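Please read all numbers here as calculations on a predicted model, not as lab measurements.
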Amino acid sequence: MIILVSNDDGIHSEGLSALAAHLSKIGQVYVVAPDRDRSAVSHSLTLHRPLRVQQLQERWFAVDGTPTDCINLAVNGILKGNRPDLVVAGINKGANLGDDITYSGTVSAAIEGTLLGLPSVAVSLAGRQEFDFTVAAEFSARLCQLILERGLPEDTLLNVNVPPGSWESIRGVKVTRQGKRIYGDVVIEKTDPRGKKYYWIGGSKPGWVENESADFHAIAQRYISITPLHLDLTNYAAYQELEKWDFSL
Ligand code: MN
């Protein structure tokens with residue numbers, strides 16, 4: 001059983017080592033991860049320069065690219081001939097919920113795995129200050145065991161978010177849907193020491209559209225959230241509506 005592990009926080013992230021350590025109990029783990037923090041790079045693929053790979057230890061590789069590069073390079077290059085049975089990305093330092101997943105390098109690593117036809121999971125620890133990855137890592141191992149037994153539906157990845165804290169503080173597991181973010185006024189404008197303006201994205205506290213079945217709601221209620229995601233972005237209601245339009249040329 002070969003498990004490919006990556007992340008977007010970089011190869012030195014504690015979340016990655018916790019995940020790799022726990023998954024090595026159920027399979028042979030290969031780690032192929034960015035050589036630095038590449039959070040919020042989304043599904044970016046490096047096409048205009050070569051990628052360098054550094055082997056740090058047995059089955060651990062650092063890549064000077066994105067999480068998507070790592071999965072692609074691992075499956076089609078580094079592990080060639082040793083096709084992984086599972087791709088797991090994480091454990092991300094911070095939540096990946098609702099619309100925010102469109103920015104996520106962690107989720108994108110799992111998307112790349114899915115595109116390559118492999119069962120894939122993204123795992124995030126939904127903490128803000130305290131980051132103890134034990135619960136998330138233990139749960140990941142349990143979930144991966146289930147996936148290896150049952151498989152995943154085609155074109156489907158799992159986005160998993162684990163509340164911070166001990167097992168005792170967690171109420172259970174909820175299968176959820178992707179929540180809807182309300183973005184605030186998040187650009188901060190300041191002036192640098194040379195009198196030039198600069199901007200910083202992501203300042204104010206965000207909100208959510210209230211929905212009891214949403215991922216963020218499960219986390220707020222201290223449940224582990226599992227959202228099945230698929231890569232077909234088609235809006236089928238809009239598809240039917242647009243079909244009625246008169247496009248006659
Ligand atoms: Mn990250």
Side-chain angles (χ1 to χ4, degrees), residues 1-93 96 101-124 137 140-141 143-145 147-148 151-160 229-232:
M1 199 72 74
I2 296 175
I3 305 173
L4 172 60
V5 173
S6 192
N7 74 349
D8 75 355
D9 295 335
I11 195 128
H12 302 295
S13 154
E14 286 170 39
L16 180 76
S17 22
L19 183 63
H22 280 79
L23 294 184
S24 64
K25 292 170 191 164
I26 59 169
Q28 184 169 60
V29 171
Y30 280 82
V31 174
V32 182
D35 61 358
R36 68 200 77 174
D37 190 345
R38 303 302 302 265
S39 292
V41 296
S42 191
H43 196 213
S44 164
L45 186 67
T46 303
L47 296 176
H48 299 287
R49 62 170 180 85
L51 290 166
R52 305 287 179 185
V53 179
Q54 197 190 351
Q55 181 160 12
L56 302 183
Q57 49 176 292
E58 202 189 356
R59 298 194 299 273
W60 276 69
F61 302 87
V63 179
D64 66 341
T66 67
T68 298
D69 292 333
C70 290
I71 300 300
N72 197 294
L73 195 61
V75 174
N76 294 321
I78 299 167
L79 272 83
K80 208 171 178 175
N82 275 329
R83 198 169 159 80
D85 299 284
L86 192 61
V87 172
V88 190
I91 298 166
N92 190 61
K93 201 171 181 178
N96 274 306
I101 64 173
T102 59
Y103 300 109
S104 170
T106 310
V107 173
S108 292
I111 287 176
E112 188 65 8
T114 309
L115 287 174
L116 295 169
L118 301 165
S120 303
V121 191
V123 186
S124 303
S140 300
L143 177 65
C144 288
Q145 192 75 62
I147 294 169
L148 290 168
L152 283 178
E154 215 174 310
D155 292 327
T156 303
L157 60 120
L158 300 185
N159 181 35
V160 179
L229 300 174
H230 62 168
L231 302 186
D232 180 354

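A pairwise comparison of heavy atoms in V41 and P67 identifies CG2-CD, 3.4 Å as the closest pair. Summarising the geometry of I147 relative to P119, their closest heavy-atom pair is CG2-CB, 4.0 Å, with the distance given to 0.1 Å. The two residues A137 and H22 come nearest to each other via the heavy atoms CB-ND1, 3.4 Å. Among all heavy-atom pairs drawn from S6 and A33, the shortest one is OG-CA, 3.7 Å. Closest non-hydrogen pair, A110 versus S120, comes out as O-CB, 3.2 Å. Minimum interatomic distance between T106 and V123 (heavy atoms only, all atoms of both residues): CG2-O, 4.0 Å.
Residues M1 and L86 have side chains not in contact (no heavy-atom distance under 4.5 Å, counting atoms from C-beta outward). Side-chain contact check for L118 versus L4: every heavy-atom pair is 4.5 Å or farther apart. Between V75 and P84 the shortest side-chain heavy-atom distance falls below 4.5 Å. N82 is listed as a side-chain neighbour of Y30, based on a closest heavy-atom distance under 4.5 Å. The shortest distance between side-chain heavy atoms of V29 and V88 does not fall below 4.5 Å. Put simply, the side chain of D64 reaches to within 4.5 Å of the side chain of R49, judged on heavy atoms. Proximity of T102 to S42: side-chain heavy atoms (C-beta onward) are nowhere separated by under 4.5 Å.
I71 CD1 to L115 CG: the interatomic distance, rounded to the nearest 0.5 Å, is 11.0 Å. Going from atom CG of L152 over to atom CG of L157 covers 8.5 Å, rounded to the nearest 0.5 Å. For the atom pair OG (S13) and CD1 (I91), the distance works out to 8.5 Å, reported to the nearest 0.5 Å. Interatomic distance, CD1 of I101 versus CD1 of I111, reported as 7.0 Å (0.5 Å rounding). Taking CD1 of I2 as the start and CZ of R59 as the end, the distance is 9.0 Å to the nearest 0.5 Å. Here the CG atom belonging to D8 is positioned 14.0 Å from the CZ atom belonging to R36, to the nearest 0.5 angstrom.
In terms of modelled atom types and a separation under 3.5 Å, the side chain of T156 and the main chain of H230 share no donor-acceptor contact. Of the possible polar contacts, one joining the T66 side chain to the D69 backbone as a donor-acceptor pair under 3.5 Å is found. At distances below 3.5 Å, not a single donor-acceptor pair connects side-chain atoms of N92 with backbone N or O atoms of S124. Remark: the backbone N or O of N96 is paired with a side-chain donor or acceptor of N159 at under 3.5 angstrom.
For R52, the CZ atom is loosely surrounded, since the number of other residues' heavy atoms within 6.0 Å does not exceed 12. A 6.0 Å sphere centred on CD of Q55 holds more than 12 heavy atoms belonging to other residues, nucleotides or ligands.
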#### Entry: Trace of the side-chain hydrogen bond (donor to acceptor under 3.5 Å, both in side chains) decision for D9 with S39
CA-CA 6 Å; D9 295 335; S39 292; 2.9 Å; yes
### Message
Would W60 and L16 count as a side-chain contact (heavy atoms from CB on, under 4.5 Å) here? Give the steps.
### Response
CA-CA 11 Å; W60 276 69; L16 180 76; 3.8 Å; yes
